[in-house]
Amino acid sequence: NQWWHAALSYESFRFALPSIRVGYAKNLAGFKTSSLNFGVTAFNILSFDLEYGLDSVEVDGSSLPRRLSFTFGMEESF
């Protein structure tokens, strides 16, 4: 794998405004897949990220994205 990434983010320093991330990733070797990424952090505690592949694969006659993932996390500052 040899990945190329580009990303933009907005970091909010206010508790009520979420921080936002968007990005693009492409594998330059092997399976040349690419994906879009989006993430939000709310209240400086909860984070949600989504990755959606731009390439598709056919499964049982249906077209599905080759890459699809999501994460949900919670962090606490000490």
Side-chain angles (χ1 to χ4, degrees):
N1 292 332
Q2 184 180 12
W3 287 92
W4 181 83
H5 294 269
L8 294 171
S9 66
Y10 167 74
E11 184 71 29
S12 172
F13 295 103
R14 293 182 181 237
F15 184 75
L17 293 176
S19 298
I20 299 172
R21 306 173 286 286
V22 293
Y24 174 79
K26 182 167 181 68
N27 188 359
L28 301 175
F31 292 108
K32 299 185 189 272
T33 62
S34 58
S35 61
L36 293 175
N37 308 292
F38 175 77
V40 175
T41 300
F43 308 114
N44 296 329
I45 298 172
L46 303 173
S47 65
F48 176 77
D49 288 280
L50 175 68
E51 177 183 23
Y52 185 83
L54 300 176
D55 306 301
S56 61
V57 63
E58 191 157 322
V59 177
D60 295 330
S62 298
S63 181
L64 300 170
R66 191 172 186 107
R67 299 175 58 89
L68 179 64
S69 68
F70 68 92
T71 60
F72 180 75
M74 188 170 111
E75 66 180 71
E76 184 178 348
S77 299
F78 292 94

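Heavy atoms only: backbone and side chains are in, while hydrogens, waters and symmetry mates are out. Note that the numbering runs from 1 along the sequence shown for the chain.
- Counting side-chain heavy-atom gaps under 4.5 Å among Ile, Leu, Val, Met, Phe, Trp and Tyr, Trp3 is found in no cluster with other residues.
- Phe70 meets the ring pair (Phe, Tyr, Trp, His ring centres under 6.0 Å) test with no other residue; sequence neighbours excluded.
- Using cut-offs of 30° and 60° for the angle between ring planes, the Phe15 and Phe43 rings count as tilted.
- Hydrophobic side-chain contacts under 4.5 Å tie Tyr10 into a cluster, directly or through other members, with Leu17.
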Identify every side-chain donor-acceptor pair in residues 30-42 under 3.5 Å, counting partners at least two apart or on other chains, and give the distances.
from: Lys32; atom 1: NZ; to: Leu28; atom 2: O; distance (Å): 3.1
from: Ser35; atom 1: OG; to: Glu51; atom 2: OE2; distance (Å): 2.8
from: Thr41; atom 1: OG1; to: Arg21; atom 2: NH1; distance (Å): 2.9

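- For Phe72, there are no ring pair (Phe, Tyr, Trp, His ring centres under 6.0 Å) partners, not counting sequence neighbours.
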*Before giving the answer on side-chain contact (heavy atoms from CB on, under 4.5 Å), spell out for Phe48 and Thr71 the whole-Å C-alpha distance, their side-chain angles and the decisive distance to 0.1 Å.*
CA-CA 6 Å; Phe48 176 77; Thr71 60; over 6 Å; no
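- Going from atom CG of Asn44 over to atom OG of Ser19 covers 6.0 Å, rounded to the nearest 0.5 Å.
- Residues satisfying the side chain to side chain donor-acceptor pair (under 3.5 Å) criterion with Asn27, sequence neighbours excluded, are Asn1.
- With hydrophobic clusters built from ILVMFWY side chains whose heavy atoms lie under 4.5 angstrom apart, Trp4 does not share a cluster with Tyr52.
- Closest heavy-atom contact between Ser12 and Pro18: CB-O, 3.6 Å.
- Applying the salt bridge (charged side-chain N to carboxylate O under 4.0 Å, His left out) test to pairs two or more places apart or on separate chains, none has a residue in residues 54-64.
- Pairs of residues two or more places apart, or lying in two chains, never qualify as salt bridge (charged side-chain N to carboxylate O under 4.0 Å, His left out) while including a residue from residues 68-78.
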